[in-house]
Amino acid sequence: MSEEASEADLFLALVAAAQGRDNRLTSIQAGLLVAAELGIARDSRALARMLGIAHSLVLRELNVLAEREGVLQIVKRDPRTMRVQYSLLPRDEA
């Protein structure tokens, strides 16, 4: 198994684990949280590119998570590119 495949498998396992802890999370929402936790994507465009999905889908799921109290916060919005930077809230605030 290649290193890239094993990293993808690990990411998917972490996404599944996040969904197991919170059954309200969609796959994309769980992916947003895992990517931020691992430091591999902290903005909407990077995650969309990484997952090979439309940026609009990531934006929609990111906004849903931002409305949920104690999950993540929007750090910056770029109105020109629609890119949204986000960060996880410290567990103490969750």
Side-chain angles (χ1 to χ4, degrees):
M1 183 183 318
S2 73
E3 184 177 332
E4 186 176 305
S6 63
E7 288 176 5
D9 290 340
L10 174 60
F11 180 79
L12 292 174
L14 292 171
V15 166
Q19 286 182 291
R21 288 188 301 275
D22 184 347
N23 64 0
R24 298 176 296 170
L25 293 175
T26 66
S27 298
I28 296 172
Q29 290 171 354
L32 278 159
L33 297 175
V34 170
E37 196 170 300
L38 297 177
I40 54 179
R42 294 185 192 273
D43 74 75
S44 57
R45 279 229 190 260
L47 185 70
R49 195 172 27 249
M50 184 182 92
L51 296 178
I53 59 176
H55 184 229
S56 59
L57 293 174
V58 174
L59 287 174
R60 181 179 65 203
E61 299 295 342
L62 180 58
N63 286 320
V64 169
L65 279 177
E67 289 176 5
R68 282 178 56 184
E69 191 172 323
V71 179
L72 59 79
Q73 64 183 353
I74 302 295
V75 176
K76 181 180 175 186
R77 292 182 188 268
D78 184 331
R80 186 181 60 82
T81 64
M82 302 296 292
R83 182 182 302 248
V84 175
Q85 294 177 357
Y86 65 97
S87 67
L88 296 177
L89 290 174
R91 301 254 179 196
D92 298 334
E93 292 182 33

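Just the heavy atoms: all of them, side chains too, but no hydrogens, waters or symmetry mates, feed the values below. We count residues from 1, following the sequence as given. Fair warning: this is a prediction, and the values are worked out from it, not measured in the lab.
Shown here is Met50, whose CE atom has more than 12 heavy atoms of other residues, nucleotides or ligands within 6.0 Å.
Gln19 CD to Ser27 OG: the interatomic distance, rounded to the nearest 0.5 Å, is 4.0 Å. Taking CG of Leu38 as the reference point, atom CG of Leu10 lies at 7.0 Å (rounded to 0.5 Å). For the atom pair CG of Leu89 and CD of Gln73, the computed distance is 5.0 Å after rounding to the nearest 0.5 Å.
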How far apart are the C-alpha atoms of Arg45 and Asp78, what are their side-chain angles, what is the distance that settles it, and do they pass the salt bridge (Lys or Arg N to Asp or Glu O under 4.0 Å) test? CA-CA 11 Å; Arg45 279 229 190 260; Asp78 184 331; over 6 Å; no
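Taking every heavy atom of both residues into account, Ala18 and Leu25 meet most closely at O-CD1, 3.6 Å. The minimum heavy-atom distance linking Val15 with Gly31 is given by the pair CG2-CA, 3.8 Å.
Val75 and Met82 fall into different hydrophobic clusters, where Ile, Leu, Val, Met, Phe, Trp and Tyr side chains are chained together by heavy-atom contacts under 4.5 Å.
With Leu59 as the partner, the side chain to side chain contact (heavy atoms under 4.5 Å, CB included) test is satisfied by one option alone out of Leu47, Val84, Val64: Val84. For the side chain to side chain donor-acceptor pair (under 3.5 Å) test with Ser44, the passing option among Arg77, Arg60, His55, Arg83 is His55; the others fail. Here the options are Ile53, Leu65, Leu62, the test is side chain to side chain contact (heavy atoms under 4.5 Å, CB included), and the partner is Ile28; only Ile53 passes.
Side-chain atoms of Glu61 never come within 3.5 Å of backbone atoms of Gln29 as a donor-acceptor pair (strictly under, hydrogens ignored). Checked by atom type and distance alone, the side chain of Tyr86 pairs as donor or acceptor with a backbone atom of Leu32 at under 3.5 Å.
A 4.5 Å side-chain heavy-atom check between Asp22 and Leu33 finds every atom pair outside the cut-off.
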